Amino acid sequence: MLKIDHPQVYIYSYQLSESKTDVGSIWTWANTIWQHFSQEKTKVFSQANLTYPLTKANKLTHSNQIDGSLRFCRIDDSEGILARIGSPETDENKDLEIAAALTQFNVNNLLVAESHENWLGQTLLITYKSETYQQPSDNDFRKVADECLKHLFPEESVRPPFYRDTKLFDSSMFEYSSPKSQVQVFVYLVDDDIEGKLGKIIQPLFELFYHRHKITKAFIDSRRNYDLLKERYLEIEQTIENLEAKITEVNRIELATGADLVKSVDIDESLKYLKIKLKELLRESLNYERALECLEDFNNTINIHVYNYQEKLLQIGDKSELIPDDLTAFNFFVDRTCRYFQEQIKGDLGYFKHGTDLIKIAVELVGGIVDIEQAECDRSLERKIEILGAGLGAGGIVVSAVSAYVETPIVFRIPQTGDRIHPAITSLLWSVLAVVIVVGVVGLINGTSKINGRLRLFGRKSVAQLPDSPSQPVNNTLQQAEEVSNHEPGG
């Protein structure tokens, strides 16, 4: 049976200061611990207890086997609580069975705070002393660590997996966690000398774990943001596909049977559709840009706290007189895990910024098509007005000239044999003939083929390709999106 001396559990828990003292916050968690273990039931803790650095310990006593304390600290935009639950250093708390010692520390999973939106995470440092083993092997230490974790977290679903083994102050330490987990557990064999060294680095160690959880939380949030960006990207892609289908429909020219004639296309309706879709694309593009900015913010947050994490490592090294190589227990996170986080987000930003380029191309293309169509329609209307105006003007001149010679009054009766056409009718016919001739001549001069309501842009026989444009065509835009999807980074 494995036995240990004076086990202690230090719980470092953090949340953003936006959280209030309500259900689910670390203050509810801290007060629950106090109410369970302390004999002083009336005391209640809140954000009013926060200071910087850590407050003095609010000590609690549960029994001869369990005592502890609570300390509080405000850091930047967040707040943290350092709780300790352990066995007093008395002779009766030596050679304790792991199961009996640790199970009573975490009744109903009491030591783990509830996860909520503003919760950053939690680190548990389990320390113990041992006089049983004189020269134990690393495998013996691992067995003790596994047993400690097993009995502190009886529920396997709550228990974090083994991650790696390391050393701190030349003593074995085992980490149970995962790179993306908000719960981290260390099991650490200590002695009186190591306890003294840990006492010197309480504040920088508390802040070190804080920066770790800020980094991890930012990366976890970036994965949710990645899913949102991907969803926005698919919406924009669908809008572009709809635009492509409509433009292809407008471009399609169906030849009449046996003749080089075309069916008319409702240009006004097409213009209206394209304008609506262009507005939708611009709105979706704005949402996409905002989501992309959030991803950049998460990347900046990680970079800032990586720097702060490294600063705290230097402080710990100075206070404990250790060189960086002696702090591999904490260096591993910033050297390996943080680098993975940064490279992953860097790849995501590169991928989604390429999507921004595709959106710009699509917007420019559709906007260009709408502008060209509108300009052509306006020019067509001007030509029609010009031609009809010239014809009507000519007809008016003829009527004015001929009517001056019409003196015979008009008599309305049934035509008789031998009747002659009235001069007024003759004048009207001459004016109509003048209108037709002038309209024809002016139409030939201005290009009658351009007033039939169809744009030269849509006058080609190809139905599968879009018009030439200085911008990239929508067809190619979608092809690029498909090619990018084939190389899409993992989330």
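FYI, side chains are in, hydrogens and waters are out, and symmetry mates aren't considered; it's all heavy atoms of this structure. Predicted model, so just to flag it, every value in this text is computed and none were measured.
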Does atom [atom1] of [X] have more than 12 heavy-atom neighbours, drawn from other residues, nucleotides or ligands, at distances under 6.0 Å?
X      : atom1 : value
Arg164 : CZ    : yes
Lys319 : NZ    : no
Lys150 : NZ    : no
Asp77  : CG    : yes

Find out whether [X] and [Y] are in side-chain contact, i.e. whether some heavy atom of one side chain is under 4.5 Å from a heavy atom of the other.
X      : Y      : value
Leu149 : Phe174 : no
Ile98  : Val144 : yes
Lys214 : Ser78  : yes
Phe333 : Thr216 : yes
Ile4   : Glu147 : no
Glu280 : Ile276 : yes
Phe186 : Ser177 : no

Say you draw a straight line from [atom1] of [X] to [atom2] of [Y]; how long is it, rounded to the nearest 0.5 Å?
X      : Y      : atom1 : atom2 : result
Leu234 : Leu229 : CG    : CG    : 11.0 Å
Ile194 : Thr127 : CD1   : OG1   : 10.0 Å
Phe37  : Arg84  : CZ    : CZ    : 11.5 Å
Leu102 : Tyr128 : CG    : OH    : 11.0 Å
Leu50  : Phe45  : CG    : CZ    : 12.0 Å
His211 : Ile304 : NE2   : CD1   : 11.0 Å

(request) Any chance you could lay out the salt bridge (charged side-chain N to carboxylate O under 4.0 Å, His left out) test for Asp221 and Lys217, step after step, and finish with the verdict? (result) CA-CA 6 Å; Asp221 289 344; Lys217 181 66 161 60; 2.9 Å; yes
Under-4.0 Å salt bridge between [X] and [Y]:
X      : Y      : answer
Lys200 : Glu321 : no
Arg159 : Asp146 : no
Asp335 : Arg339 : no

(message) I need the minimum non-hydrogen distance between Ser13 and Trp119, along with the two atoms involved.
(response) OG-NE1, 3.4 Å
(request) Grab the two heavy atoms, one from Met173 and one from Ala329, that are nearest each other, plus how far apart they are. (result) SD-CB, 3.9 Å
Are [X] and [Y] close enough that a side-chain donor and a side-chain acceptor fall under 3.5 Å?
X      : Y      : value
Asp348 : Gln344 : yes
Gln315 : Glu311 : no
Gln184 : Thr123 : yes
Gln182 : Gln122 : no
Glu284 : Thr239 : yes

(request) Indicate, with yes or no, if the rings of Phe162 and Tyr176 have centres closer together than 6.0 Å. (result) yes
(message) Could you check whether Phe219 and Tyr340 have their ring centres less than 6.0 Å apart?
(response) yes
(request) Tell me, with the steps shown, if Leu286 and Leu282 meet side-chain contact (heavy atoms from CB on, under 4.5 Å). (result) CA-CA 6 Å; Leu286 179 59; Leu282 290 172; over 6 Å; no
(request) Show the numbers, then the answer: is there a salt bridge (charged side-chain N to carboxylate O under 4.0 Å, His left out) between Lys353 and Glu296? (result) CA-CA 11 Å; Lys353 282 183 178 178; Glu296 291 175 339; 3.3 Å; yes
(message) One pair to check against side-chain contact (heavy atoms from CB on, under 4.5 Å): Phe105 and Ser87. What are the steps and the verdict?
(response) CA-CA 9 Å; Phe105 289 171; Ser87 297; 3.6 Å; yes
(request) Check for a donor-acceptor pair, side chain of Asn106 on one end and backbone N or O of Thr103 on the other, with a separation under 3.5 Å. (result) no
(message) I'd like to know if the side chain of Asn118 reaches the main chain of Gln15, judged simply by a donor and an acceptor atom lying under 3.5 Å from each other, with no hydrogens or angles considered.
(response) no
(request) Starting from the C-alpha separation in whole Å, work towards a yes-or-no answer on side-chain contact (heavy atoms from CB on, under 4.5 Å) for Cys73 and Leu82. (result) CA-CA 8 Å; Cys73 185; Leu82 171 56; over 6 Å; no
(request) Please work out which of the three classes, parallel, tilted or perpendicular, describes the rings of Phe352 and Tyr288, given edges at 30° and 60°. (result) perpendicular
(request) Report the relative orientation of the aromatic rings in His305 and Tyr210; use parallel for angles under 30°, tilted for 30 to 60°, perpendicular for over 60°. (result) perpendicular
(request) Please name the residue in the list Phe206, Trp27, Trp34, Tyr14 that meets the ring-ring contact (aromatic ring centres under 6.0 Å, His included) test with Phe72. (result) Trp27
(request) Determine, stepwise, if the pair Leu168 / Tyr188 fulfils side-chain contact (heavy atoms from CB on, under 4.5 Å). (result) CA-CA 8 Å; Leu168 180 63; Tyr188 186 30; 3.6 Å; yes
